[in-house]
K.L.:
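Supplied in structure tokens, the structure appears directly below.
Naming convention: chains lettered A, B, ... in sequence-line order (proteins, then strands); numbering from 1 in each chain.
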Amino acid sequence: MKSFIINLDVPFNLDHTMDCGQTFRWNKLKDGSWLGVVDGALLILKQENSELHVKSSAENLFGMELDEGIRYYLGLNDDLDTIKDNIVENLKLYGFYEQSVLTDKVFDLYRGLRILRQDPWEMLIEYLISARNNIPSIKRTIEKLCRLFPENKRQFDGIEYYVFPTLKQLKKLSLRELESINLAFRANWIYDTVRSVDLEKLYSLKGRSFNDKLEYLLTLKGVGYKIASCVMLFSLEEFSAFPVDVWIERVMFNLFNVKGSTKRVMETGRKYFGAFAGYAQEYLFKYFRTLQKGDK
DNA sequence: GCCCAGGGGTAGT
DNA sequence: ACTACCCATGGG
């Protein structure tokens with residue numbers, strides 16, 4: 001058990017980061033702290049202004065010292081000002097002045113929202129579950145999937161939690177067992193994908209080109225442009241990836257008057273927002289979704 | 001009962 | 001390459 005404080009020397013907002021739709025396994029407690037399972041460890045994070053209070057069940061993370069591992073996971077090394085400027089300038093380059101003003105505003109509104117460095121295998125399965133599904137239901141189903149493996153149960157500081165199943169574990173599940181946790185038509189996809197995915201290949205995609213990443217991901221059953229983009233953006237450090245879901249579809253019609261196939265809208269977003277289109281996507285997703293829902 | 005949800009596969013153009 | 005339709009389930 002390790003407990004310490006990270007002094008934040010860059011803009012960071014824990015609530016925005018954990019509650020912008022990029023992750024399904026972080027949960028907020030009543031006292032304002034966030035609970036998550038990362039690299040097999042339970043992390044408890046609580047932000048108090050520029051202090052990030054950390055409790056961890058493990059001594060290190062991703063083979064790094066805990067402090068360094070958490071900075072990496074939270075994307076604290078990303079230069080948010082440079083990223084915002086890049087996006088805003090790119091929009092102006094294409095003559096989208098009003099859109100650049102809005103994007104600038106949203107970046108200020110949710111200042112400190114960062115893209116996490118999550119696990120590619122976990123993202124692949126979780127976003128397969130996300131297809132034509134709603135966020136509360138996605139979270140419940142992921143939790144049920146973890147609980148199919150009692151051996152994955154861990155305990156720390158009086159809190160019980162489950163680590164995400166390995167490929168080997170999911171391979172052992174029959175189609176019926178997958179269907180038993182309400183995966184519906186997604187059960188077939190997961191059944192096929194766990195039998196065809198090459199994890200070594202998947203992990204090696206980090207550092208490859210956008211097209212190389214996309215090409216491989218699209219070979220997996222149930223993975224189309226949207227899910228591939230989520231895996232790339234949230235776990236393969238592909239910040240030009242631009243996931244288009246029903247919300248972003250509306251946003252893109254709103255901002256650029258484009259509609260049509262996911263591919264077409266995605267390509268438009270990547271072009272107009274530029275190298276960090278994925279960052280723009282996350283901020284806009286949170287902004288428009290919060291607006292429509294009327295909560296918070 | 002109706003509608004929708006961080007979509008994708010397929011068959012038909 | 002693009003489009004229309006279907007896919008199961010839970011929650012409002």
K.L.:
Side chains of A:Leu145 and A:Pro165: closer than 4.5 Å at any heavy-atom pair?
P.N.:
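A:Leu145 reaches A:Pro165 side chain to side chain.
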K.L.:
Which is the 5'-most and which the 3'-most nucleotide of DNA chain C that has an atom under 4.0 Å from a heavy atom of chain A?
P.N.:
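Terminal contacting nucleotides, 5' to 3': C:dA8 to C:dG11.
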K.L.:
Just call it for A:Gly222: base, sugar-phosphate, or nothing, with non-hydrogen atoms closer than 4.0 Å on any strand.
P.N.:
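Touches sugar-phosphate only.
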K.L.:
Let me know the distance between NZ of A:Lys139 and C1' of B:dG6, rounded to the nearest Å.
P.N.:
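So the NZ-C1' distance, A:Lys139 to B:dG6, works out to 13 Å.
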K.L.:
So, is A:Arg250 close to the B:dA5 phosphate, meaning a side-chain N or O under 4.0 Å from OP1 or OP2?
P.N.:
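Yes, A:Arg250 has a side-chain N/O under 4.0 Å of OP1/OP2 on B:dA5.
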K.L.:
Using side-chain heavy atoms (C-beta onward) and a distance below 4.5 Å, is A:Phe149 in contact with A:Tyr162?
P.N.:
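Of all side-chain heavy-atom pairs linking A:Tyr162 with A:Phe149, none is under 4.5 Å.
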K.L.:
Give A:Ile248 one of three labels, base, sugar-phosphate or nothing, depending on what nucleic acid heavy atoms sit under 4.0 Å from its own.
P.N.:
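It contacts base atoms.
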K.L.:
Rounded to the nearest Å, what distance is computed from the CZ atom of residue A:Arg186 to the P atom of nucleotide B:dG9?
P.N.:
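To the nearest whole Å, that distance equals 13 Å.
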K.L.:
State the OH-CE distance between A:Tyr216 and A:Met232, to the nearest 0.5 angstrom.
P.N.:
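These two atoms lie 13.5 Å from each other.
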K.L.:
Looking at every non-hydrogen atom in both residues, tell me the closest pair between A:Asp9 and A:Arg71 and how far apart they are.
P.N.:
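Looking at all heavy atoms of both residues, the shortest contact is OD1-NH1, 3.8 Å.
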K.L.:
Among residues 106-127 of chain A, which contact DNA chain B at a heavy-atom distance under 4.0 Å?
P.N.:
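Per residue number, the list is empty: none.
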K.L.:
Within the 4.0 Å heavy-atom criterion, would you say A:Glu249 contacts the bases, only the backbone, or no part of the nucleic acid?
P.N.:
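No contact.
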K.L.:
Separation of A:Asp19 atom CG from B:dG6 atom C1', in whole Å?
P.N.:
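Rounded to the whole Å, the gap is 13 Å.
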K.L.:
Could you tell me if the ring centre of A:Phe256 sits under 6.0 Å from that of A:Phe96?
P.N.:
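For A:Phe256 and A:Phe96, the ring centres are under 6.0 Å apart.
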K.L.:
How many whole angstroms separate atom CE of A:Met18 from atom C1' of B:dG6?
P.N.:
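The distance from CE of A:Met18 to C1' of B:dG6 comes to 18 Å, rounded to the nearest Å.
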K.L.:
Taking atom P of B:dG8 as reference, at what distance in whole Å does atom NZ of A:Lys226 sit?
P.N.:
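Nearest whole value for this atom pair: 7 Å.
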K.L.:
Determine the Euclidean distance between corresponding C1' atoms of C:dG10 and B:dG9; express it in Å to zero decimal places.
P.N.:
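Pairwise C1' distance, B:dG9 against C:dG10, rounds to 23 Å.
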K.L.:
Hunt down the Watson-Crick or G-U wobble partner of C:dG12, both distances under 3.5 Å, from any strand shown, or write none.
P.N.:
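Result: B:dC2.
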K.L.:
Take atom NZ of A:Lys263 and atom C1' of B:dG8, then tell me their distance rounded to the nearest Å.
P.N.:
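Atom-to-atom, A:Lys263 to B:dG8, this comes out as 15 Å.
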K.L.:
For the residue pair A:Asp78 and A:Arg114, establish whether any side-chain heavy-atom pair is separated by less than 4.5 Å.
P.N.:
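Sidechains of A:Arg114 and A:Asp78: in contact.
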K.L.:
Rounded to whole Å, how long is the line connecting atom CG of A:Asn133 with atom P of B:dC3?
P.N.:
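My rounded result for the distance is 19 Å.
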K.L.:
Do A:Lys144 and A:Arg147 touch side chain to side chain, with heavy atoms closer than 4.5 Å?
P.N.:
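No; the side chains remain at least 4.5 Å from each other.
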K.L.:
Can you work out whether A:Leu218 or A:Pro243 has the more 5'-proximal nearest nucleotide on DNA chain B?
P.N.:
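Counting from the 5' end, the first nearest nucleotide belongs to A:Pro243.
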K.L.:
Rounding to a whole Å, what distance do you find between A:Asn188:CG and B:dG7:P?
P.N.:
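Nearest whole value for this atom pair: 19 Å.
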K.L.:
Below 4.5 Å, heavy atoms only, C-beta onward: do A:Gln169 and A:Leu148 meet side chain to side chain?
P.N.:
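A side-chain contact under 4.5 Å is absent here.
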K.L.:
Classify A:Glu179 by what it touches in the nucleic acid, base, sugar-phosphate, or nothing, heavy-atom distance under 4.0 Å.
P.N.:
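Contact class for A:Glu179: none.
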K.L.:
Using the P atom in both, what is the distance from B:dG6 to C:dC6, to the nearest Å?
P.N.:
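23 Å, rounded to whole Å.
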K.L.:
Using a 4.0 Å heavy-atom cut-off across all strands, classify A:Tyr225 as base, sugar-phosphate, or nothing.
P.N.:
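Sugar-phosphate, backbone atoms only, no base.
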K.L.:
Contact class for A:Ser130 vs. all strands (heavy atom < 4.0 Å): base, sugar-phosphate, or nothing?
P.N.:
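Since only primed, P, OP1 and OP2 atoms lie under 4.0 Å of A:Ser130, the category is sugar-phosphate.
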K.L.:
Need one value for A:Ala131: base, sugar-phosphate or nothing, where a base atom within 4.0 Å counts as base even if backbone is also close, heavy atoms only.
P.N.:
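Sugar-phosphate only.
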K.L.:
Are the side chains of A:Phe273 and A:Thr103 in touch, meaning some heavy atoms are under 4.5 Å apart?
P.N.:
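Counting from C-beta outward, A:Phe273 and A:Thr103 do come under 4.5 Å.
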K.L.:
Are the aromatic ring centres of A:Phe24 and A:Tyr127 under 6.0 angstrom apart?
P.N.:
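For A:Phe24 and A:Tyr127, the ring centres are under 6.0 Å apart.
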